[in-house]
Amino acid sequence: MIKPALPKGTRDFAPEAVRKRRYLFQTIQQCFEAFGFEPIETPAMENLSTLLGKYGEEGDKLIFRILNNGDILPLAQRARDSRELANLLAEKALRYDLTIPFARFVVMNQHQLVFPFRRYQIQPVWRADRPQKGRYREFYQCDADIVGSRSLFNEVELIGLYQEVFSRLQLRVRIRINHRKWLLALAETCGNAAWLTPITTAIDKIDKVGVEQVESELREKGFPTEAITLIRGYLELPNTPAEAFPAVLQLLRHHPAATDAVQDVEFILKHLSQNEPERATVQIDFTLARGLDYYTGTILEVNSEEVAMGSLGGGGRYDNLTGLFGLPDVPGVGISFGVDRIFDVMESLHRFPATTHRSTQMLWLRIDDMLMPQILEYVRQFRNQGISTEVYPDAAKIDKQLKYADRKGIPFAILLGSREYAAQVIGLKDLRHGTQEQVPLSQVMQVIRQKLQEPER
RNA sequence: GUGAUUGUAGCUCAGUUGGUUAGAGCGCCAGAUUGUGGCUCUGGAGGUCGAGGGUUCGAAUCCCUUCAAUCACCCCA
């Protein structure tokens, strides 16, 4: 016997979880559609070469590779080390995110698409990460991107989209915004543009480890004292727009990139809707880094205000994503929703609406098989009316049948046995209140339909 | 890739310095009630104590190895 088990970091979803997840997908999808985004889908697997090198060195390690079919031994023998071996034996890989496959899609379909192209995509992605809280090896992303436009109104739109979705889900979140050009200007002001990556990965940790740790990490990596002083100043920048913009410009000595970034972020904040106070707040966070190498402008990240959890979504602007696939000068900006984490947050806050539970509305009990033809006919009629209906299949005791209805949360059970038939009625039992009434056979459809429309008490 | 913690019934967990036949609650099945769920009562089924090895007269308990899960780091949604 094989012990039943799942691969690490993957999950089954029971009926209730699927209903709740669908609620999230539907909410997000409705918002995407309301904002005029169009759906696309791409394959679960891509050519390995499409994905390699797009997510940084760490990212490459986390790509799930698909072993080639056929006789792999001769190929394997040509490899000189395990890295080469891996690339020889796998030509395909599972997609790591939705953005790179989207870039490939845009290049391959560039002549058919209408630009600026707004697309959304809701599909699973796979990462060979070690799983932990809020982190899975198979999870869904819901992406919305706008490509073919440099306008900052796109950023304004996408932030509005975040606000709309989380407002509909009744989750309190904080949207943080930063700009890659500030980080670039910081690196250059420190003396070396190549320091961008070590600086950003170091300061990204500030929330967790604090300023001291960040500084000691930089010192260990051999950063000069002046650079560390500058970075400390950067970390201590105020975050209200009125103070932040002059301060960052002064700190970075009016570096042209820093000036660009100030203009961009100022523009975006100015155009965000101001008169809806219940919406998620947007705040400048100079320490927000985000790993993915392709971002060049604005970067965004969403966090719950209510539950400690990794980010619920993120995104940013990339000015040359399709350039990697031979189509230069297609700027874009996009955001992603992490449904699996949003699910965990909603679940821990019991924030799913009650309507996600119910499925079957009524159960017809199997009491007297002589009457089953008639029961099946009623069932057919109710189903045609869109009322979700079941018949208990086994000739079990009534209490077992009722227990089934109770456990499944079915609100109504209907008894039609020989006694009822003799009186030309059915027994209509309301499981929620424990009441039962008799309804004449001639009025069954009418009375029950009315019952189901009554508001729940 | 690195580190820590935990593995006992379907689930959540007890289990004494190593000592007889490993327990509880919940759940499941049956009965009390041959046509009425939830509540109650009675009874029953269900265990390779994660796996393998070692120490011992004797191991769920001590030691070693291994596997798995969880959490944290790195990184990320």
Side-chain angles (χ1 to χ4, degrees), chain A residues 1 3-11 24 28 55-63 95-99 122-143 162 173 197 200-202 204-205 208-209 213 217 288-293 299-304 308-316 334-345 363 365-368 371 392 395-422 426-437:
Chain A
M1 190 194 74
K3 208 181 204 173
L6 286 172
K8 204 193 286 287
T10 66
R11 297 156 301 158
L24 293 184
I28 292 167
Y55 309 106
E57 205 176 322
E58 285 299 313
D60 281 358
K61 291 184 198 161
L62 300 179
I63 294 171
R95 72 165 102 76
Y96 179 88
D97 73 355
L98 301 178
T99 306
I122 299 177
Q123 290 191 282
V125 304
W126 294 269
R127 296 186 186 177
D129 225 345
R130 186 173 291 204
Q132 54 178 279
K133 185 175 184 175
R135 174 178 300 184
Y136 307 98
R137 291 184 130 182
E138 177 184 67
F139 61 97
Y140 271 76
Q141 286 188 334
C142 306
D143 275 25
Y162 265 144
V173 297
T197 306
T200 51
T201 56
D204 192 32
K205 295 173 197 161
K208 282 179 185 168
V209 300
Q213 283 282 325
E217 176 175 336
L288 177 63
R290 292 192 61 72
L292 300 176
D293 285 351
I299 44 184
L300 297 167
E301 196 158 297
V302 183
N303 289 86
S304 170
M309 172 80 69
S311 62
L312 304 182
I335 59 170
S336 179
F337 291 83
V339 171
D340 299 80
R341 285 187 179 172
I342 296 172
F343 179 93
D344 290 348
V345 170
L363 176 74
L365 304 192
R366 175 173 167 185
I367 301 169
D368 183 341
L371 294 164
Y392 196 87
K397 286 185 188 169
I398 300 281
D399 73 337
K400 185 162 181 179
Q401 301 191 37
L402 284 169
K403 196 165 183 175
Y404 171 83
D406 184 46
R407 295 198 48 180
K408 245 186 120 170
I410 300 173
F412 292 101
I414 296 174
L415 294 85
L416 177 53
S418 50
R419 287 182 206 167
E420 287 82 7
Y421 189 73
I426 55 108
L428 174 61
K429 187 175 177 84
D430 184 332
L431 282 289
R432 293 165 305 179
H433 308 107
T435 55
Q436 186 167 338
E437 61 188 288

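Letters go in sequence order (proteins before strands), and every chain restarts at 1.
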Next item on the list: Check every atom of B:C75, B:A30, B:U36 against the side chain of A:D129 and return the nucleotide holding the closest atom.
Entry: B:C75
Note to self: Taking only side-chain N and O atoms of A:K8, does any of them lie within less than 4.0 angstrom of OP1 or OP2 on B:A69?
What the structure shows: yes
Notebook entry, point to check: Expressed as a whole number of Å, how far does the C1' atom of B:U8 sit from that of B:A60?
Noted result: 7 Å
Notebook entry, point to check: Could you give the CG-to-P distance, from A:D204 to B:C73, as a whole number of Å?
Noted result: 12 Å
Note to self: Testing the basics here: between A:D344 and A:G134, what is the closest heavy-atom pair and its distance to 0.1 Å?
What the structure shows: OD2-CA, 4.1 Å
Margin query: What is the distance, to the nearest angstrom, from the CG atom on A:D406 to the C1' atom on B:C28?
Written below: 16 Å
Item checked: Side-chain N or O of A:Q132 closer than 4.0 Å to phosphate OP1/OP2 of B:U70 -> no
Margin query: Looking at every heavy atom in both A:D143 and A:L98, which two are closest together, and how far apart are they?
Written below: OD2-CB, 3.5 Å
Margin query: To the nearest 0.5 Å, what is the distance between OH on A:Y162 and CD1 on A:I28?
Written below: 10.0 Å
Next item on the list: Just call it for A:G134: base, sugar-phosphate, or nothing, with non-hydrogen atoms closer than 4.0 Å on any strand.
Entry: base
Next item on the list: Indicate yes or no: at least one non-hydrogen side-chain atom of A:L415 is less than 4.5 angstrom from one of A:Q436.
Entry: yes
Item checked: Spacing between A:E58 atom CD and B:C73 atom C1', to the nearest angstrom -> 12 Å
Item checked: Inter-nucleotide C1' distance (B:C11, B:A69), Å rounded -> 16 Å
Check: When the P atoms of B:U70 and B:G54 are considered, how many whole Å apart are they?
Finding: 32 Å
Notebook entry, point to check: Which part of the nucleic acid, if any, lies within contact of A:G313, taking any heavy atom under 4.0 Å across all strands shown: a base, the sugar-phosphate backbone alone, or nothing?
Noted result: sugar-phosphate
Item checked: Whether A:Y96 and A:Y55 hold their rings parallel, tilted or perpendicular, with breakpoints at 30° and 60° -> tilted
Next item on the list: Grab the NZ-C1' distance between A:K429 and B:G37 for me, whole Å please.
Entry: 7 Å
Margin query: Between B:G23 and B:U16, how far apart are the two P atoms, rounded to whole Å?
Written below: 14 Å
Item checked: Side-chain heavy-atom pair A:K400, A:Y392 within 4.5 angstrom cut-off -> yes
Note to self: Which heavy atom of A:D129 sits nearest to which heavy atom of A:R135, and what is that distance?
What the structure shows: OD2-NH1, 3.1 Å
Notebook entry, point to check: Think A:R137 has a side-chain N or O under 4.0 angstrom from the OP1 or OP2 of B:C76?
Noted result: no
Notebook entry, point to check: Taking atom P of B:G38 as reference, at what distance in whole Å does atom OH of A:Y404 sit?
Noted result: 17 Å
Checklist line | For the student: nearest non-hydrogen atoms of A:L371 and A:S418, plus distance | finding: CD1-N, 3.8 Å
Next item on the list: Indicate, with a heavy-atom threshold strictly under 4.0 Å, whether A:S418 touches base, sugar-phosphate, or nothing.
Entry: base
Note to self: Can you check the distance between B:A14 and B:G7, where both ends of the measurement are the C1' atom (answer in whole Å)?
What the structure shows: 15 Å
Checklist line | Side-chain donor/acceptor of A:R130 to base of B:C75, under 3.5 Å | finding: no
Item checked: Out of B:G37, B:U36, B:G35, whichever nucleotide has its closest atom nearest the side chain of A:Q436 -> B:U36
Check: Does A:F337 lie flat on the base of B:A77, that is, centres under 5.5 Å apart and planes under 30° off?
Finding: no
Margin query: With rounding to the closest Å, how many angstrom separate the P atoms on B:G43 and B:G53?
Written below: 40 Å
Next item on the list: Check the distance between B:U2's P and A:L62's CG and give it to me in whole angstrom.
Entry: 14 Å
Note to self: Please report the distance separating the C1' of B:C41 from the corresponding atom of B:A4, rounded so that it comes out in whole Å.
What the structure shows: 48 Å
Check: Mapping A:K397 and A:R419 onto RNA chain B by nearest heavy atom, which one lands closer to the 5' end?
Finding: A:K397
Check: Which sits closer to the 5' end of RNA chain B, A:R135 or A:L6, going by the nucleotide each is nearest to?
Finding: A:L6
Checklist line | Pairing string, 5' to 3', for RNA chain B - Watson-Crick or wobble contacts under 3.5 Å, brackets [ ] where pairs cross, | to another strand | finding: (((((((..((((.....[...)))).(((((.......))))).....(((((..]....))))))))))))....
Check: Any side-chain heavy atom of A:D430 within less than 4.5 Å of one from A:F412?
Finding: yes
Note to self: Mind checking if A:G59 touches a base, just sugar-phosphate, or nothing, with heavy atoms under 4.0 Å?
What the structure shows: nothing
Margin query: Base, sugar-phosphate or nothing for A:E420? Non-hydrogen atoms, less than 4.0 Å.
Written below: base
Margin query: With side-chain contact (heavy atoms from CB on, under 4.5 Å) as the criterion, how do A:Y140 and A:D340 come out once you've worked through the C-alpha distance, each side chain's angles and the decisive distance to 0.1 Å?
Written below: CA-CA 7 Å; A:Y140 271 76; A:D340 299 80; 3.8 Å; yes
Margin query: So A:L415, base contact, sugar-phosphate only, or nothing? Heavy-atom distance under 4.0 Å.
Written below: base
Check: Rounded to whole angstroms, how far apart are CZ on A:R127 and P on B:C74?
Finding: 17 Å
Margin query: With a 4.0 Å limit, can you tell me whether A:K61 has a side-chain N or O closer than that to the phosphate oxygens OP1/OP2 of B:C74?
Written below: no
Next item on the list: Give A:Y140 one of three labels, base, sugar-phosphate or nothing, depending on what nucleic acid heavy atoms sit under 4.0 Å from its own.
Entry: nothing
Next item on the list: Return the value, rounded to whole Å, for the distance between atom CG of A:D399 and atom P of B:C28.
Entry: 13 Å
Next item on the list: Check every atom of B:C75, B:A77, B:G37 against the side chain of A:L431 and return the nucleotide holding the closest atom.
Entry: B:G37
Item checked: B:A45 and B:C29, which share atom name P, separated by this distance in whole Å -> 16 Å
